[in-house]
There are 2 protein chains.
Amino acid sequence: MSTDPLSLTFAALADPTRRAILARLSQGESSVKELAEPFAMSLPAVSKHLKVLERAGLITRGKEAQWRPCRLDPGPLQDVSQWLEHYSRFWDQSLGRLDEMLRAIKARPPDKSGV
Amino acid sequence: MSTDPLSLTFAALADPTRRAILARLSQGESSVKELAEPFAMSLPAVSKHLKVLERAGLITRGKEAQWRPCRLDPGPLQDVSQWLEHYSRFWDQSLGRLDEMLRAIKARPPDKSGV
DNA sequence: CAGTTAATTAACTGATCGGTTTACTAATCG
DNA sequence: CGATTAGTAAACCGATCAGTTAATTAACTG
């Protein structure tokens, strides 16, 4: 697997269980056991999912007695959003015309940023 | 791997080569051979990447003599954008304060303080 | 027709993924 | 102290991934 930040983020998001965990955490902090409850899988499995999310920077974990409260970190999601903006002209009505113009002007230098 | 549309899309995006291919296609249609040129990998490898992108609906392919021109389909990217919107309140400046308030209210029920 | 070009298919490989069970650490409770 | 609770680590498994090389299909070219 690729280890650049964007790839780690997309890979972490490419699993419904992990997206459900993020949705849960968007409501507020939660312990591992609480997060695991809705799923028909073992606790270690959830623990692994959390590790994937953590490696992508999508969650951070605290320490509180014997609990490891997880909370959402939106940073990587914002990075995804920025990456997406690069393509928004393809579906954004108001920018469609501008895009046509820009593309017609081929004098643009090759843009490799944000690949 | 999960086979729901969003998972297929995120998985397809979790690879720098495939993102580079999309970036290239955002400039216009291209043949497989042209797409493969910038990469230090075999043509079949690129062909496989294209199949992943196609399965996610991110590209469509035509037929023109012995070429299979690929072009970008922004649909799945728009779906990702919508999914992201659900989280945009976490980094959107203007909504940040409101979110803080909502979270402060909602984070009450599972009360572990003083346990 | 034979030869070239474009692309895919097939078979194989090593690495990673998503899950399991078992065993372990660490903190709290009685 | 021992027992319980929360979570992680280790070892294992089958499936998938990302790449390879070799063979094949399909269309154009001379």
Side-chain angles (χ1 to χ4, degrees), chain A residues 1-22 24-25 28-56 58-71 115, chain B residues 1-22 24-25 29-56 58-71 110-115:
Chain A
M1 213 239 303
S2 304
T3 55
D4 61 286
L6 210 44
S7 294
L8 286 179
T9 302
F10 279 129
L13 296 177
D15 184 289
T17 299
R18 290 194 288 262
R19 291 198 304 276
I21 289 174
L22 291 184
R24 172 75 174 70
L25 290 178
E29 270 191 18
S30 182
S31 72
V32 177
K33 198 198 167 205
E34 283 171 343
L35 288 173
E37 228 158 73
F39 304 108
M41 68 178 68
S42 67
L43 205 65
V46 173
S47 191
K48 281 187 181 185
H49 280 303
L50 292 174
K51 195 179 288 187
V52 173
L53 290 169
E54 190 179 25
R55 193 157 104 94
L58 285 161
I59 66 170
T60 57
R61 311 161 98 161
K63 193 172 282 191
E64 204 176 310
Q66 68 267 52
W67 297 279
R68 300 293 129 80
C70 301
R71 65 176 178 284
V115 163
Chain B
M1 213 240 301
S2 303
T3 55
D4 61 286
L6 210 44
S7 294
L8 286 179
T9 302
F10 279 129
L13 296 177
D15 184 290
T17 299
R18 289 194 288 262
R19 291 197 304 278
I21 288 174
L22 290 183
R24 173 72 174 71
L25 290 178
E29 269 191 18
S30 182
S31 72
V32 178
K33 198 197 168 205
E34 282 172 344
L35 287 173
E37 229 159 70
F39 305 108
M41 68 180 67
S42 66
L43 205 65
V46 173
S47 192
K48 282 188 181 184
H49 280 303
L50 292 174
K51 195 178 288 186
V52 173
L53 290 169
E54 190 179 26
R55 192 156 105 93
L58 286 160
I59 65 170
T60 56
R61 312 162 98 161
K63 194 171 282 191
E64 204 175 309
Q66 68 265 54
W67 296 280
R68 300 294 128 80
C70 302
R71 65 175 178 286
D111 188 11
K112 251 137 220 138
S113 66
V115 167

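Chain naming here is simple, since letters A, B, ... match the order of the sequence lines and numbering starts at 1 in each.
DNA chain C is contacted by both A:Q66 and A:K48; A:K48 maps to the nucleotide lying nearer its 5′ end (nearest heavy atom per residue). If B:T17 and A:L50 are placed on DNA chain D by their nearest nucleotide, the residue sitting closer to the 5' end is A:L50. Mapping A:M41 and B:V32 onto DNA chain C by nearest heavy atom places B:V32 at the nucleotide closer to the 5' end.
Rounded to a whole Å, the CG atom of A:L8 is 14 Å from the C1' atom of C:dC17. One can place NZ of A:K51 at 12 Å from P of C:dC17, the figure rounded to the nearest angstrom. Across the protein-nucleic acid pair, B:L13 atom CG and D:dC17 atom C1' stand 16 Å apart, rounded to whole Å. The CD atom of B:E64 sits 10 Å away from the P atom of D:dC28 (whole-angstrom rounding). The nearest whole Å value for the distance from the CE atom in B:M1 to the P atom in D:dA18 is 8 Å. Note: CG (B:L43) to P (D:dA22) measures 15 Å, nearest angstrom. Straight-line distance from the CG atom of A:D15 to the C1' atom of C:dG19: 11 Å, rounded to whole Å. Rounded to an integer number of Å, the gap from CD of B:E54 to C1' of C:dT8 is 12 Å.
Taking only side-chain atoms of A:R68, from C-beta outward, the nucleotide of C:dT21, C:dG19, D:dT8 with the closest atom is D:dT8. Proximity note for B:K33 (side chain, C-beta onward) versus D:dA18, C:dA6, D:dT16: the nearest is C:dA6. Candidate nucleotides D:dT16, D:dT20, D:dT8 were compared by shortest atom distance to the side chain of A:P44, and D:dT8 ranks first.
Residue A:S42 places at least one side-chain N or O closer than 4.0 Å to OP1 or OP2 of C:dT20. In this model, the phosphate group of D:dA6 is not approached by any side-chain N or O of A:R61 to a distance below 4.0 Å at OP1 or OP2. At the phosphate of C:dG19, OP1 or OP2 sits under 4.0 Å from a side-chain N or O atom of A:H49. OP1 and OP2 of C:dA6 both lie 4.0 Å or more from every side-chain N or O belonging to B:K63.
The shortest non-hydrogen separation linking A:R19 to A:A14 is NH1-C, 3.9 Å.
Between the side chain of A:T9 and the backbone N or O of A:P5, at least one donor-acceptor pair lies under 3.5 Å.
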Problem set entry | Check against side-chain contact (heavy atoms from CB on, under 4.5 Å), A:S31 and A:R68 | CA-CA 6 Å; A:S31 72; A:R68 300 293 129 80; over 6 Å; no
Problem set entry | Trace of the side-chain contact (heavy atoms from CB on, under 4.5 Å) decision for A:T3 with A:R55 | CA-CA 10 Å; A:T3 55; A:R55 193 157 104 94; 4.3 Å; yes
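Atom CZ of A:R18 sits about 11.0 Å away from atom CD1 of A:I59, to the nearest 0.5 Å. Separation of atoms CD1 (A:I21) and NE2 (A:H49) is listed at 6.5 Å; rounding is to 0.5 Å. One finds the CZ atom of B:F10 at 11.5 Å from the CG atom of A:D15 (value rounded to the nearest 0.5 Å). To the nearest 0.5 Å, the span separating CG on B:L58 from CG on B:L13 amounts to 5.5 Å.
Contact annotation for B:S31: backbone-only contact, meaning every heavy-atom pair under 4.0 Å involves sugar-phosphate atoms and none involves a base. In this structure, B:A65 reaches the sugar-phosphate backbone alone: every heavy-atom distance under 4.0 Å involves primed, P, OP1 or OP2 atoms, never a base.
Rounded to 10°, the angle separating the first-five-pair axis and the last-five-pair axis of the helix from C:dC1-D:dG30 to C:dG30-D:dC1 equals 10°.
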